[in-house]
Amino acid sequence: MSDNENIILKDLNDDDLVEQMKDDLYDGMAAEVFEGTQILLDRGWDANLILSDALVEGMRIVGIDFRDGILFVPEVLQCAGAMKGGMGLLRPILAASGEKASTGKYVIGTVKGDIHDIGKNLVGMMLEGAGFEVIDLGINNPLENYLEAIDEHKPDILGMSALLTTTMPYMGVVIEELDKRGILKDLPVMVGGAPLNQEFADAINAHTYGRDAALSAELAKTIMGKNS
Ligand code: B1M
């Protein structure tokens with residue numbers, strides 16, 4: 001996307017640095033994205049702002065070119081790796097900014113057939129920041145994984161993520177089974193992911209639809225009765 005050679009990140013002003021970070025993320029340059037994230041933190045930027053303006057916005061641009069056939073899976077994987085580098089740096093800050101006492105227990109996982117995990121990881125980070133104990137089941141989770149985790153961890157909330165129109169219906173399969181087993185009445189289920197909307201969440205009988213990570217953490221706190 002850009003000529004990244006000979007650019008000294010720390011010499012750039014904030015706006016140019018954010019633009020450069022988006023380019024570096026697009027080019028899958030993990031070390032540079034990490035360095036840019038560190039520089040913005042050193043300049044006093046809020047971790048949430050770095051996340052939204054540089055990392056998530058950079059990934060949005062990647063998504064457009066992926067859709068349009070300009071970028072392919074191996075390149076997008078590198079972009080994802082670069083994004084995760086920056087997220088790794090922000091994670092402890094976002095988590096530490098939260099309440100210390102546990103707000104509740106939250107089991108989260110990406111559904112069967114789906115290996116997208118960046119958004120799910122972000123939601124997990126925000127939940128940790130909000131004081132939740134987060135049990136992350138990772139990607140590609142069949143019904144059995146959710147059932148086992150519910151049995152083992154007795155969560156207050158179950159969260160499912162899906163990024164594909166072909167995998168989002170599986171959330172309905174899980175919810176239906178939870179209902180059949182009498183679990184759903186006591187376990188609020190939150191669903192989220194780019195192709196979802198409130199209408200879909202209602203149609204599959206989900207308790208809550210989380211549009212983005214920050215809102216999802218707020219919604220989770222509301223479910224726990226811990227939002228003022
Ligand atoms: Co994929 N992919 N991908 N991909 N990928 C999308 C989703 C796609 C929209 C790209 C496109 O065409 N524009 C498209 C889906 C089209 C559709 O279904 N209609 C697509 C496709 C087609 C595919 C493959 C089928 C491509 C192929 O192989 N031909 C394949 C499928 C693999 C599979 O899962 N079985 C595939 C593979 C991949 C990679 C492996 C290369 C990589 C994933 C790497 C990884 O996650 N570790 C990848 C990526 C990176 C993307 C895009 C570019 C970016 C996704 C992302 O991380 N966004 C994506 C395009 C896009 O969405 N713009 C795309 C950033 C993230 C912060 O946002 O995940 O939306 P998001 O999460 C948000 C909210 O949605 C919400 O909060 C998050 C933070 O605000 N949220 C929740 C998410 N989960 C939540 C759960 C909640 C609450 C809120 O509660 C529990």
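Start at 1 and go down the list; that is how both ligands and their atoms are numbered. This is a predicted model, so every value here is computed, not measured. All values below come from the heavy atoms of this structure, side chains included, with hydrogens, waters and symmetry mates left out.
Defined by atom type and a distance below 3.5 Å, a donor-acceptor pair is present between the side-chain atoms of Asp24 and Gln20. For the 3.5 Å distance criterion, the side chains of Asp53 and Trp45 fail to qualify, holding no donor opposite an acceptor.
Every atom of ligand 1 with a heavy atom of Asp114 under 4.0 Å away is listed here by number and element: 34 (O). Per-residue contacts place Arg67 under 4.0 angstrom from the following atoms of ligand 1 (heavy atoms of the residue considered): 11 (C), 12 (O), 13 (N). Applying the 4.0 Å criterion to heavy atoms of Leu122 picks out, from ligand 1, the atoms 67 (C), 79 (C).
Of all the listed residues (Lys120, Met160, Met168), Met160 holds the heavy atom that lies closest to atom 91 (C) of ligand 1. Heavy-atom proximity to atom 3 (N) of ligand 1, evaluated over Gln78, His116, Met87, is greatest for His116.
Checked by distance only, ligand 1 and Ser161 come closer than 3.5 Å through their nitrogen or oxygen atoms. Inclusion of Thr166 in the set of residues having an N or O under 3.5 Å from an N or O of ligand 1 is not warranted. Between Val191 and ligand 1, not a single N/O pair is under 3.5 Å apart. At least one N or O atom of Ala213 sits closer than 3.5 Å to an N or O atom of ligand 1. Not one N or O of Asp212 is nearer than 3.5 Å to an N or O of ligand 1, by distance alone. Looking at ligand 1, you'll find an N or O of Gly63 within less than 3.5 Å of one of its N or O atoms. Residue Gly159 has no N or O atom closer than 3.5 Å to an N or O atom of ligand 1. In terms of N/O distances under 3.5 Å, ligand 1 is not approached by Val56.
Ion pair Lys120/Asp114 not flagged as a salt bridge, since none of the NZ, NE, NH1 or NH2 atoms sits closer than 4.0 Å to an Asp/Glu carboxylate oxygen. The existence of a salt bridge linking Glu35 and Lys10 is excluded, since no basic side-chain nitrogen approaches an acidic carboxylate oxygen closer than 4.0 Å. With salt bridges taken as basic N to acidic carboxylate O contacts below 4.0 Å, none links Asp179 and Lys185.
Within a 4.0 Å radius of atom 24 (C) of ligand 1, the protein has no heavy atom. At a distance under 4.0 Å, no protein heavy atom can be found next to atom 59 (C) of ligand 1. The protein does not reach atom 9 (C) of ligand 1 closely, with no heavy atom under 4.0 angstrom from it.
With hydrogens and angles ignored, the 3.5 Å screen pairs a side-chain donor or acceptor of Asn141 with a backbone N or O of Gly138.
If you check which protein heavy atom lies closest to atom 74 (C) of ligand 1, you get Arg211 O, 3.6 Å.
Residue-environment remark: CD (Gln198) exceeds the threshold of 12 foreign heavy atoms within 6.0 Å.
At a heavy-atom distance under 4.0 Å, only side-chain atoms of Val123, from C-beta outward, approach ligand 1. Counting heavy atoms under 4.0 Å from ligand 1, residue Ala194 touches it through both backbone and side chain.
The shell of residues lying under 4.0 angstrom from ligand 1, judged by heavy atoms, includes Gly193. Contact annotation: Tyr106 has at least one heavy atom less than 4.0 Å from an atom of ligand 1.
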